[in-house]
Amino acid sequence: MTITSPQLGSPAVWTDARLLYALEEVVERELNRHLKVAKDWMPHEYVPWSDGRNFPGFFEDGEAWDKEQSKVTEVGRIALVVNLLTEDNLPSYHHEIATLFGRDGAWGTWVHRWTAEEGRHGIVMRDYLLASRAVDPDKLEEFRMAHMSEGFESDNRHSMLHSVAYVAFQELATRISHRNTGHQSGDPVCDRMLARIATDENLHMVFYRNLLKAAFELAPDLTMQAVRDVVVNFRMPGHGIPGFERAAAQMAIGEVYNLRIHHDDVLQPVLRFLKVMEIDGLGPEGVRAQEELGLFLGGLDAEAARFDERLAARKARMAARGKL
């Protein structure tokens, strides 16, 4: 596949402002497609309200939280907290993309629509967690305050192209994390709720992925460099959550999200759809970025294979102990 820069100019003239203007028509088309396929849903319909009861505090009959009150597994509990705290930072995410993409025209309409849809996720997850007593409500609020008080700054806030590339992967990563959390939660109600959220996240990924495809057609060298930078330096937006490193390790062992999942189920599907490694006609910087991306992916696959071996060995040890 050969993609060349338009007559509008060389990559040097592609400022954020010019790219925003050039991609406006694509954003409008993708927005209209999204609105046709997206289905509104009611967060309260996914919450087991009948399981709820008062907590201690203002209510004399309040019952203190205990982990045995919920059927959710330990890894499910950990992942649910990480996923919800990530959603809680929506005000910061909105501020960042509104600053980058603007509040007018199709870009602005998308920014507000995306924010409204994402808002449902935090609502339904918190309501579920409290009604089902899946997590310690006091700890959850302490974590929320600590995380949101720190604010959020994306690694890609310096560039519109980098931001588009990042969310194309991040939305899929979030979908996979939610879906796997549901599978590992041990609660069919939780699984159904997170499946609904994951459907939204997949539609968001499709929007940004298609936008990234259009960016490759306009400015292939710059877009290739942005994809290379994002993939090599990728971090989930919740990395600032208190205790994130430990939680991420437990989620990796619990097969909610780990290197193998990141490589196979997040990076590769987007890269294959865009045919990133097949693009030719690039300039020197684009070619170098493409080559570096290929080398990184090979190294990541090898690292994921080593993780797979360690995880298999761990499972074998656990199985052996269970037979003793």
Side-chain angles (χ1 to χ4, degrees), residues 14-24 26-28 30-31 34-35 38 40 43 81-127 140-175 177-178 197-198 200-212 214-215 222-223 226-227 229-230 233-242 244:
W14 281 117
T15 63
D16 276 3
R18 286 181 178 229
L19 281 166
L20 285 167
Y21 179 79
L23 290 168
E24 177 88 19
V26 179
V27 172
E28 183 175 5
E30 289 302 313
L31 172 63
H34 177 84
L35 294 176
D40 281 340
V81 170
V82 169
N83 291 351
L84 175 56
L85 292 176
T86 300
E87 299 285 357
D88 276 335
N89 249 337
L90 181 59
S92 290
Y93 308 148
H94 174 83
H95 172 75
E96 187 156 294
I97 66 170
T99 301
L100 277 168
F101 300 156
R103 299 172 183 270
D104 301 318
W107 281 104
T109 302
W110 167 254
V111 166
H112 295 302
R113 174 72 189 198
W114 174 87
T115 302
E117 292 184 3
E118 288 288 341
R120 287 187 179 128
H121 304 167
I123 291 169
V124 71
M125 289 179 68
R126 175 166 280 100
D127 287 347
L140 183 64
E141 178 60 11
E142 290 169 7
F143 285 151
R144 187 191 71 84
M145 286 295 295
H147 185 44
M148 292 192 70
S149 294
E150 288 294 320
F152 172 81
E153 286 190 341
S154 169
D155 298 329
N156 304 288
R157 61 188 180 279
H158 63 286
S159 160
M160 187 276 287
L161 263 184
H162 282 72
S163 295
V164 170
Y166 175 74
V167 289
F169 295 103
Q170 181 266 321
E171 292 284 4
L172 182 53
T174 304
R175 175 209 168 212
S177 181
H178 283 311
I197 293 174
D200 281 359
E201 302 290 9
N202 194 64
L203 291 178
H204 297 164
M205 178 277 293
V206 170
F207 178 94
Y208 287 118
R209 184 196 64 187
N210 292 351
L211 191 57
L212 188 59
L222 284 180
T223 306
V227 168
D229 293 345
V230 164
N233 300 297
F234 186 87
R235 295 194 296 176
M236 291 293 275
H239 60 79
I241 292 170
F244 178 78

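Position 1 is the first residue of the sequence; numbering continues from there. Since the structure is predicted, the reported quantities are computational estimates derived from the model, not experimental observations.
The ring-ring contact (aromatic ring centres under 6.0 Å, His included) check on Phe234 picks up Tyr166, His262, with sequence neighbours excluded. Listed by chain and residue number, nothing satisfies the ring-ring contact (aromatic ring centres under 6.0 Å, His included) test with His239 (two or more places apart in sequence, or in another chain). Partners of Glu96 by salt bridge (charged side-chain N to carboxylate O under 4.0 Å, His left out), not counting sequence neighbours: none found. Remark: Phe101 engages Trp107 in a ring-ring contact (aromatic ring centres under 6.0 Å, His included) (not counting sequence neighbours). Scanning for side-chain contact (heavy atoms from CB on, under 4.5 Å) contacts around Pro91 gives Met148, with sequence neighbours left out. Checked against ring-ring contact (aromatic ring centres under 6.0 Å, His included), Phe169 has no partners two or more places apart in sequence or in another chain. Looking at residues two or more places apart in sequence or on another chain, you find a side-chain contact (heavy atoms from CB on, under 4.5 Å) between Asp127 and Val47, Trp49, Ile123. Listed by chain and number, the residues in a side-chain contact (heavy atoms from CB on, under 4.5 Å) with Asp40 are Arg113, Arg120 (sequence neighbours excluded). Contacts of His95 classified as side-chain contact (heavy atoms from CB on, under 4.5 Å), with partners at least two apart in sequence or in another chain: Thr99.
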Discussion item. Run the side chain to side chain contact (heavy atoms under 4.5 Å, CB included) test on His178 and Glu201 for me, step by step, so that the C-alpha distance in whole Å, both residues' side-chain angles and the decisive distance to 0.1 Å come before the verdict.
Written reply: CA-CA 9 Å; His178 283 311; Glu201 302 290 9; 4.1 Å; yes

Worksheet item: How far apart are the C-alpha atoms of Ser177 and Asn83, what are their side-chain angles, what is the distance that settles it, and do they pass the side-chain hydrogen bond (donor to acceptor under 3.5 Å, both in side chains) test?
Response: CA-CA 8 Å; Ser177 181; Asn83 291 351; 3.2 Å; yes

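Side chain of Asn233 to main chain of Asp229: a donor-acceptor pair is present (N/O by atom type, distance under 3.5 Å, no hydrogens or angles). Judged by distance alone, the side chain of Thr115 and the main-chain N or O of His94 form no donor-acceptor pair under 3.5 Å. Side-chain atoms of Thr223 come within 3.5 Å of backbone atoms of Ala215 as a donor-acceptor pair (strictly under, hydrogens ignored).
How far CG of Leu172 is from CD of Gln170: 9.5 Å, rounded to the nearest 0.5 Å. Separating the CD1 atom in Ile97 from the NE2 atom in His112 is a distance of 9.0 Å, to the nearest 0.5 Å. For the atom pair CH2 of Trp14 and CG of Leu222, the computed distance is 9.5 Å after rounding to the nearest 0.5 Å. Leu31 CG to Leu211 CG: the interatomic distance, rounded to the nearest 0.5 Å, is 11.5 Å. Distance CG/Leu203 to CD/Glu30: 11.0 Å, rounded to 0.5 Å. With values rounded to the nearest 0.5 angstrom, His121 atom NE2 is found 13.0 Å from Thr86 atom OG1.
Within a 6.0 Å radius of CD in Glu150, no more than 12 heavy atoms belonging to other residues, nucleotides or ligands are found.
Contact check for Thr174 versus Met236: side-chain heavy atoms found under the 4.5 Å cut-off. Using a 4.5 Å heavy-atom threshold, the side chains of Val227 and Leu212 count as touching. Between Arg144 and His147 the shortest side-chain heavy-atom distance does not fall below 4.5 Å. Contact annotation: the side chain of Val26 never approaches that of Asn210 to less than 4.5 Å [non-hydrogen atoms, C-beta and beyond]. With a 4.5 Å cut-off on side-chain heavy atoms, Phe143 and Ile241 do not count as touching. Put simply, the side chain of Leu23 reaches to within 4.5 Å of the side chain of Met160, judged on heavy atoms. Side chains of Phe207 and Trp114 form no contact here, defined as non-hydrogen atoms less than 4.5 Å apart.
Within the structure, no pair that satisfies the salt bridge (charged side-chain N to carboxylate O under 4.0 Å, His left out) test touches residues 100-112, not counting sequence neighbours. For residues 83-92, every residue pair satisfying the salt bridge (charged side-chain N to carboxylate O under 4.0 Å, His left out) rule, not counting sequence neighbours, is listed here: Asp88-Arg126. Listed by first and then second residue, the salt bridge (charged side-chain N to carboxylate O under 4.0 Å, His left out) pairs that reach into residues 156-173 are Glu153-Arg157, sequence neighbours excluded.
Listed here is the closest heavy atom pair of Tyr93 and Pro237: OH-CB, 3.7 Å. For the residue pair Ser159 and Leu100, the shortest heavy atom distance occurs at C-CD2, 4.3 Å. When all heavy atoms of Val230 and Ala165 are compared, the pair lying nearest together is CG2-CB, 3.9 Å.
Note on ring orientation: taking the six-membered ring where Trp is involved, the planes of Trp110 and His34 are perpendicular (angle over 60°, cut-offs 30° and 60°).
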